[in-house]
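To start, the structure itself, in structure tokens.
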Protein chains: 2
Amino acid sequence: MGISKTELFTKKQNELANIARVLGHPARIAILQHLVKINACICNDLVAELGLAQPTISQHLKELKQVGLIQGSIDGTSVCYCIDPKVWEKYKKLFGEFFVEIKAIDKSGCGPDCC
Amino acid sequence: MGISKTELFTKKQNELANIARVLGHPARIAILQHLVKINACICNDLVAELGLAQPTISQHLKELKQVGLIQGSIDGTSVCYCIDPKVWEKYKKLFGEFFVEIKAIDKSGCGPDCC
DNA sequence: CTGTTTAATCGTAATATTGCAATGAAACGA
DNA sequence: TCGTTTCATTGCAATATTACGATTAAACAG
């Protein structure tokens, strides 16, 4: 990301940006959508499913785990992953709050061609 | 981002990831929140507001413009920025669709300690 | 025309991300 | 015990991001 001046922003802004950053890769979107669709723990058929190498998938899973969106539990030699519904709801709410309704624009103080 | 294998994913997955990526920086979150709050076109008091250098703000604005979230219109020597409500609603919907309700987890096929 | 203001662009240094081959580590079956 | 399976970790190359100083471009005031 290059260095990022997190100290300039509020905790909530940094948190939202961080979640968005994690969602900012199609592989991680695809992993989450697959986990939602399967609606169960899955072990790593994700590698076959997505077409990325195993270490790459593992790395993406790690990032998803770090923000709490998914949990992994060991089941023999394999690992089951599933979405943490609580965290999922939390972030759903966070994005919902961010995308507030946009009201009509007040053009006072702007030029005639403004927006 | 390093190279990213966009061809492995659907158009919608790539689109959502791209928007999320753009939202994945606190400065851009702060810019959007300010524009929403002001509810009008603003010229670049953003530089004073955020505490980042002018070229840096300009770069962030460029990214927000590229995904269509904001528009800029020239007003003399300054530029007015405001949110594009249509695009805003579009992305709001996109995230809403992504964050579907999570149902109770079906543990069949998983080990006893699974998730 | 000259100087000022505002914002985009260029160039660059520092840092982060992505993807994967190679390697480890842990659990299992025979 | 030994080989196998599954996944995490390490190390690295290629690329992207972030931030900003310097510069440029455009509109304006005088």
Side-chain angles (χ1 to χ4, degrees), chain A residues 1-9 13-14 17-18 20-31 41-67 70-82 110-114, chain B residues 1-9 13-14 17-18 20-31 41-67 70-82 110-114:
Chain A
M1 207 202 284
I3 197 168
S4 173
K5 300 199 153 183
T6 56
E7 75 277 7
L8 290 178
F9 309 101
Q13 285 170 335
N14 281 312
N18 192 45
R21 187 186 56 76
V22 170
L23 295 180
H25 193 288
R28 294 194 285 264
I29 294 286
I31 288 172
C41 306
I42 75 151
C43 314
N44 269 23
D45 51 12
L46 280 171
V47 176
E49 189 74 21
L50 297 196
L52 286 167
Q54 180 265 320
T56 307
I57 298 288
S58 200
Q59 210 169 5
H60 285 306
L61 289 168
K62 194 179 175 184
E63 288 222 60
L64 291 169
K65 244 188 293 183
Q66 260 163 5
V67 295
I70 65 173
Q71 293 175 326
S73 57
I74 297 167
D75 177 25
T77 57
S78 53
V79 177
C80 283
Y81 284 103
C82 57
C110 291
D113 297 331
C114 180
Chain B
M1 206 200 284
I3 198 168
S4 175
K5 300 199 151 183
T6 55
E7 75 277 8
L8 291 177
F9 309 101
Q13 286 171 334
N14 281 313
N18 191 46
R21 187 186 57 75
V22 170
L23 295 180
H25 193 287
R28 294 193 286 264
I29 294 286
I31 288 172
C41 306
I42 75 150
C43 315
N44 267 24
D45 50 12
L46 280 170
V47 175
E49 189 74 21
L50 296 196
L52 287 167
Q54 180 265 320
T56 307
I57 299 288
S58 200
Q59 212 169 6
H60 285 307
L61 289 169
K62 193 179 175 185
E63 288 223 59
L64 290 169
K65 244 188 294 184
Q66 260 163 6
V67 296
I70 65 174
Q71 293 176 325
S73 57
I74 298 167
D75 177 25
T77 57
S78 53
V79 177
C80 283
Y81 285 102
C82 57
C110 291
D113 297 330
C114 180

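Every chain is numbered from 1, with letters handed out A, B, ... down the list of sequences.
Both B:L52 and A:K62 lie close to DNA chain D; mapped to their nearest nucleotides by heavy-atom distance, the more 5′-ward contact belongs to A:K62.
Taking B:Q59 as the reference, nothing meets the side-chain hydrogen bond (donor to acceptor under 3.5 Å, both in side chains) condition, with sequence neighbours excluded. Not counting sequence neighbours, the partners of A:L64 by the side-chain contact (heavy atoms from CB on, under 4.5 Å) test are A:V22, A:R28, A:I31, A:L32, A:L69, A:I70. The side-chain contact (heavy atoms from CB on, under 4.5 Å) test applied to A:K5 returns A:E7, A:L8, B:L52, not counting sequence neighbours. In terms of the side-chain contact (heavy atoms from CB on, under 4.5 Å) criterion, residue partners of A:Q54 (sequence neighbours excluded) are, by chain and number, A:V47, A:S58. Residues passing the side-chain contact (heavy atoms from CB on, under 4.5 Å) test with B:K62 are B:Q66, sequence neighbours excluded.
Among the nucleotides C:dT18, D:dC7, C:dA7, the one closest to the side chain of A:S58 is D:dC7. Checked against C:dG19, D:dA8, D:dA19, the side chain of A:Q59 finds its nearest nucleotide in C:dG19.
The side chain of B:H60 contributes no N or O atom lying less than 4.0 Å from OP1 or OP2 of D:dT17. Put simply, A:T56 has no side-chain N or O that comes within less than 4.0 Å of OP1 or OP2 on C:dG19. Between D:dA16 and B:R21, no contact under 4.0 Å exists linking OP1 or OP2 to a side-chain N or O.
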Open item on the list: Each nucleotide in nucleotides 22-30 of chain C should get exactly one letter: B, S or -. Can you fill that in based on protein heavy atoms under 4.0 Å?
Closed with: B----BS--
